[in-house]
Amino acid sequence: MPFAPGVLERPALEVAPLLLGAVLTRGVISVRITEVEAYLGETDPGSHAFRGRTPRTVTMYGPPGHLYAYFSYGMHVCANIVCSPEGTASAVLLRAGEIVAGLDEARSRRLTSKTDADLARGPARLTKALGIELGDDGADLNRAPFDLELPARLAAWATGPRTGVSGLGGGVDYPWRFWVPGEASVSPYRRHVAKRAG
DNA sequence: ACGATGATAATCT
DNA sequence: GATTATCATCGTT
């Protein structure tokens with residue numbers, strides 16, 4: 001069953017914890033999301049949309065429940081789920097997850113990973129394992145080959161500063177990284193931090 | 001387990 | 001021309 005319309009039509013900070021435990025499918029591969037980051041848009045110094053609408057960020061201003069995929073560091077693709085109403089730039093970056101279907105296919109896409117926990121540990125690894133490419137930017141997550149299943153109940157979560165964000169937006173004033181405590185697919189140095197909410 | 005480093009190109013100023 | 005929401009590899013503890 002796909003997610004209910006309107007659930008994602010809220011600011012990224014509210015949507016982010018809802019996505020922990022969600023299962024995203026592309027084709028034969030499914031991943032259970034264990035780590036995300038919220039990007040609030042024009043008021044957020046860490047967001048691509050901080051300086052307003054540009055050709056790259058048009059998808060972020062689009063309707064919620066679509067994929068915002070962008071090209072990073074000259075060789076990687078990262079995936080966000082667009083949230084907040086159309087016209088507002090807000091999205092949640094998918095940072096890590098656990099492969100729950102299509103394991104063999106995911107392994108063949110990620111030949112450098114030594115263990116299954118490494119398959120989707122990291123935003124660019126996650127997109128590579130799922131097979132998400134730049135051409136998927138703007139895709140509706142309720143339409144094939146995609147599917148998004150939100151969790152029935154909220155998981156326990158921890159928060160902390162965002163990773164890889166330089167300047168103001170990466171500091172402790174923006175603790176907008178959310179993860180499931182103890183998950184093998186989360187970056188190890190903060191995997192067990194116990195500040196939890198909910 | 002952790003830190004440093006090179007790879008590599010779209011996007012924005 | 002600078003910057004970048006990263007990864008894999010290789011070095012040192």
Side-chain angles (χ1 to χ4, degrees), chain A residues 11-13 15-17 19-20 24 31 33-62 64 66-84 88-99 106-138 157-179 182-193:
Chain A
L13 271 178
V15 173
L19 292 177
L20 293 176
L24 176 66
V31 63
I33 304 300
T34 57
E35 182 182 4
V36 300
E37 279 173 7
Y39 288 88
L40 280 257
E42 297 184 353
T43 60
D44 175 4
S47 172
H48 288 162
F50 184 54
R51 287 172 183 81
R53 192 188 291 248
T54 66
R56 178 171 61 168
T57 60
V58 291
T59 308
M60 260 217 245
Y61 287 83
H66 288 236
L67 189 75
Y68 167 47
Y70 69 93
F71 198 64
S72 178
Y73 286 97
M75 60 192 104
H76 301 302
V77 177
C78 296
N80 297 246
I81 293 178
V82 174
C83 44
S84 75
T88 312
S90 186
V92 176
L93 171 70
L94 306 179
R95 284 201 60 86
E98 173 195 9
I99 303 294
R107 285 177 185 141
S108 72
R109 291 180 181 281
R110 293 267 304 114
L111 294 175
T112 55
S113 79
K114 293 197 169 15
T115 72
D116 287 345
D118 279 339
L119 287 172
R121 177 163 72 184
R125 291 166 167 183
L126 184 147
T127 60
K128 190 163 188 197
L130 277 178
I132 291 174
E133 301 177 25
L134 269 189
D136 291 315
D137 181 51
W157 76 86
T159 66
R162 293 180 292 194
T163 303
V165 179
S166 63
L168 195 59
V172 292
D173 291 335
Y174 297 83
W176 295 347
R177 191 167 87 105
F178 300 73
W179 68 96
E183 277 289 330
S185 56
V186 176
S187 314
Y189 45 96
R190 292 170 209 164
R191 189 184 301 159
H192 294 293
V193 174

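In what follows, chains are A, B, ... by sequence order, proteins preceding strands, each numbered from 1.
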With a 4.5 Å limit on heavy-atom distance, are the side chains of [X] and [Y] in contact?
| X | Y | result |
| --- | --- | --- |
| Phe71(A) | Val77(A) | yes |
| Ile81(A) | Val15(A) | no |
| Asp116(A) | Ile99(A) | no |
| Leu13(A) | Phe178(A) | yes |

- Message: Heavy-atom count check: over 12 atoms from other residues, nucleotides or ligands less than 6.0 Å from Arg51(A) CZ?
- Response: no
- Between the side chain of Tyr61(A) and the main-chain N/O of Arg53(A), is any donor-acceptor distance below 3.5 Å? yes
- Item | Distance-minimising heavy-atom pair for Ala49(A) and Ala89(A) | CB-CB, 3.6 Å
- Which heavy atom in Leu134(A) sits nearest to a heavy atom in Ala69(A), and how many Å separate them? CD2-O, 3.9 Å
- Query: How do Asn80(A) and Ser113(A) order along DNA chain C: which one's closest nucleotide is nearer the 5' end?
  - Reply: Asn80(A)
- Message: Nearest heavy atom decides the nucleotide; on that basis, is Lys114(A) or His48(A) closer to the 5' end of DNA chain C?
- Response: His48(A)
- Message: Run the salt bridge (Lys or Arg N to Asp or Glu O under 4.0 Å) test against Asp44(A) and tell me which residues pass, sequence neighbours left out.
- Response: Arg162(A)
- Those residues at least two apart in sequence (or on a different chain) that pass ring-ring contact (aromatic ring centres under 6.0 Å, His included) with Tyr70(A) are His48(A), Tyr68(A)
- Query: So how far is it from Arg107(A) CZ to Thr115(A) OG1, rounded to the nearest 0.5 Å?
  - Reply: 10.0 Å
- Give the C-alpha distance, both sets of side-chain angles, the deciding distance and a yes or no for side-chain contact (heavy atoms from CB on, under 4.5 Å) between Val165(A) and Tyr174(A). CA-CA 10 Å; Val165(A) 179; Tyr174(A) 297 83; over 6 Å; no
- Which is the 5'-most and which the 3'-most nucleotide of DNA chain C that has an atom under 4.0 Å from a heavy atom of chain A? dT4(C) to dA8(C)
For nucleotides 3-5 of chain B, tabulate all protein N/O to nucleotide N/O atom pairs closer than 3.5 Å, reporting atom names and distance.
none

- Evaluate the side-chain contact (heavy atoms from CB on, under 4.5 Å) criterion for residues Asn80(A) and Met60(A): first the C-alpha distance (whole Å), next the side-chain angles of each, then the deciding distance (0.1 Å), finally the verdict. CA-CA 9 Å; Asn80(A) 297 246; Met60(A) 260 217 245; 5.7 Å; no
- Task: Go ahead and write out DNA chain C as dot-bracket, 5' to 3': ( ) for pairs within the strand, [ ] for ones crossing earlier pairs, | when the partner sits on another strand, dots for unpaired; Watson-Crick or G-U wobble, both distances under 3.5 Å.
- Result: ||||.|||||||.
- Message: Considering every strand and a 4.0 Å limit on heavy-atom distances, what is the contact class for Gly46(A): base, sugar-phosphate, or nothing?
- Response: base
Write out a two-atom table: protein N or O, nucleotide N or O from nucleotides 9-13 of chain B, distance below 3.5 Å.
from    : atom 1 : to       : atom 2 : distance (Å)
dA9(B)  : O4'    : Gly74(A) : O      : 3.4
dA9(B)  : N3     : Gly74(A) : N      : 3.4
dC12(B) : OP1    : Thr54(A) : OG1    : 2.1

